[in-house]
Every structure is written in structure tokens, then in C-alpha cells.
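Written below as C-alpha cells is the structure these notes are about.
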Amino acid sequence: MGIIESVEQLRSIYDGCSEASLAKVAVRLTPEYRQMIDASPFVALATVGPEGLDCSPRGDLGGVVRIDDEKTLMLPDWRGNNRVDSLINIVRDPRVALMFLIPGSNTVMRVNGRAVVSADQQLLQSFEMDGRHPRTVTVVSIDEVYFQCARAVMRAELWNAEHHVAPDSLPTPGAMLKATKADFDQITYDREWAARAKASMW
């Protein structure tokens, strides 16, 4: 299968890094990087734990994270499925990676760093939304931040509505659940899901 088994083998296949690919890495937010992350309503949060890796989507219109300072990001944990896989990982291993998407922009922002999970009441209250507060806030200390080459988003034409998939052509959440648990009540779950999500957004 032509499996690559060493870094040397791998590097022999690829040309060396360009100057820009190295120069773009910063250890703190530049004003430009801050502007990009401020504009992002969506981030994928990657964590690692003894059981393996986890990558979790997080979203919030108006900015998915709060920038506390040039080295610190704050990510509120709003209502979800209560699996808390990412948070369990962070408690045991602080290493995190974040990938920010900005609708309409082909530029992706990336952050690598270390995180803690805070339940400080004053901090939680500062994120109030519709009278509700997150149960915890993930506080990320930035080790490095940089922008990603735009080619992947360009190849995918991610923001081109002509290529958006029709939702009714895909399996519903209920159908996917029933595929893993034969006696699951798919019809009721799908019928009630939209209203339940709307009522428990925050």
C-alpha cells in the first residue's frame, strides 16, 4: 500500500515549506488575527484524552469565542447533549486545537494551545444570553495562531449555495439513531426535535 513509515520518507514527497507558511505563525493575536477570529461564528474544538481524540463543533452568532486578551480566548459551553467529551478531555489533558470558519471567507483561522474549564460564577454570568448562562467556560491560552491556506475551502466551494446539499436528501437524526438502536422511536424524535432545540438553545 506504499505506507509512509518515517518523517524522512514523508518529507521526500513534499517540497519545502514556503516562507509565508512559516511567517504566518504568531504566538499571540495580531490585530488582524483578532479581527478574523472576532468575525467567526463557528469553531471546531479538538481535544485529546486517554481514550483518544475528540472534535466538537461550537457555534454562536456574533462571535463564537470572547477574546479576553492577545493570549486568551473564552469559549462558553451552551446547551448540548451533555456528553461533555471535550471537557472531560481538557480536565485530563489541556492540549487543544481550534479551527475557526468565517461564512463567506475562504480563510480559516487555527489556534493551538492549552485550556482549562472554569465554573467561576462571575465569568458564567458575564456570558448571559436570554436570561441563561453557560454551565462552564473553556479558557484557552494561545501557544500559536495562524491562518490556513484557503485552497481547501475554495476546492469545496463551501459557501457556494449552488453546491449546498438539500437537507431532505440526507438521513434525519432520528433515522441515524434508529440505525444504531433498532427500537428507537425515530418518528417522534424527528417530529419534536426542531421545537426542542429552539427551546433549549442557550
Side-chain angles (χ1 to χ4, degrees), residues 1-49 52-78 80 85-86 89-90 93-115 138-171 173 176:
M1 294 176 62
I3 302 299
I4 304 298
E5 297 181 338
S6 72
V7 173
E8 291 73 23
Q9 284 180 285
L10 188 62
R11 290 197 183 282
S12 71
I13 298 173
Y14 292 88
D15 296 331
C17 297
S18 67
E19 179 184 6
S21 69
L22 298 175
K24 66 185 177 183
V25 180
V27 298
R28 58 182 52 82
L29 293 174
T30 65
E32 294 77 12
Y33 284 176
R34 181 179 186 127
Q35 184 178 358
M36 294 293 289
I37 289 176
D38 260 337
S40 173
F42 179 89
V43 65
L45 170 66
T47 60
V48 60
L53 305 175
D54 182 70
C55 189
S56 175
R58 305 298 174 96
D60 214 342
L61 192 60
V64 68
V65 297
R66 174 189 295 171
I67 298 176
D68 188 56
D69 58 43
E70 62 182 10
K71 290 282 289 183
T72 311
L73 305 177
M74 294 184 172
L75 176 61
D77 190 57
W78 293 112
D85 296 315
S86 297
N89 279 351
I90 290 169
D93 187 325
R95 292 175 295 169
V96 296
L98 300 94
M99 185 178 72
F100 296 87
L101 295 178
I102 305 166
S105 172
N106 290 330
T107 301
V108 175
M109 292 300 301
R110 295 176 61 179
V111 169
N112 295 320
R114 293 156 291 109
T138 298
V139 182
V140 179
S141 297
I142 296 172
D143 288 335
E144 58 181 9
V145 54
Y146 52 97
F147 66 92
Q148 180 71 33
C149 168
R151 291 185 184 90
V153 176
M154 293 171 67
R155 282 193 294 263
E157 294 195 40
L158 194 60
W159 313 122
N160 185 345
E162 293 182 5
H163 296 293
H164 289 182
V165 176
D168 59 6
S169 71
L170 299 172
M176 290 186 282

Got a donor-acceptor contact below 3.5 angstrom from the [X] side chain to the [Y] backbone?
{"X": "Ser12", "Y": "Gln9", "value": "yes"}
{"X": "Lys71", "Y": "Ile142", "value": "yes"}
{"X": "Ser21", "Y": "Ser18", "value": "yes"}

Specify the closest pair of heavy atoms between [X] and [Y], including all atoms of both residues, with the distance to one decimal.
{"X": "Val153", "Y": "Trp159", "value": "CG1-NE1, 3.7 Å"}
{"X": "Pro76", "Y": "Asp60", "value": "CG-OD2, 4.3 Å"}
{"X": "Phe100", "Y": "Val108", "value": "O-CG1, 3.4 Å"}
{"X": "Ser40", "Y": "Leu101", "value": "OG-O, 2.7 Å"}
{"X": "Met109", "Y": "Phe147", "value": "SD-CB, 3.6 Å"}
{"X": "Leu29", "Y": "Tyr33", "value": "CD2-CB, 4.1 Å"}

Asn89 side, atom CG; Asp54 side, atom CG - distance, nearest 0.5 Å: 6.0 Å
Reported CG-to-CZ distance for the pair Leu73 and Arg66, which is rounded to 0.5 angstrom: 12.0 Å
Within-4.5 Å side-chain heavy-atom neighbours: Val140 and Leu45: no
Heavy-atom side-chain proximity of Val64 to Phe42 below 4.5 angstrom: no
Salt-bridge criterion met for Asp77 and Arg58 (N-O under 4.0 Å): yes
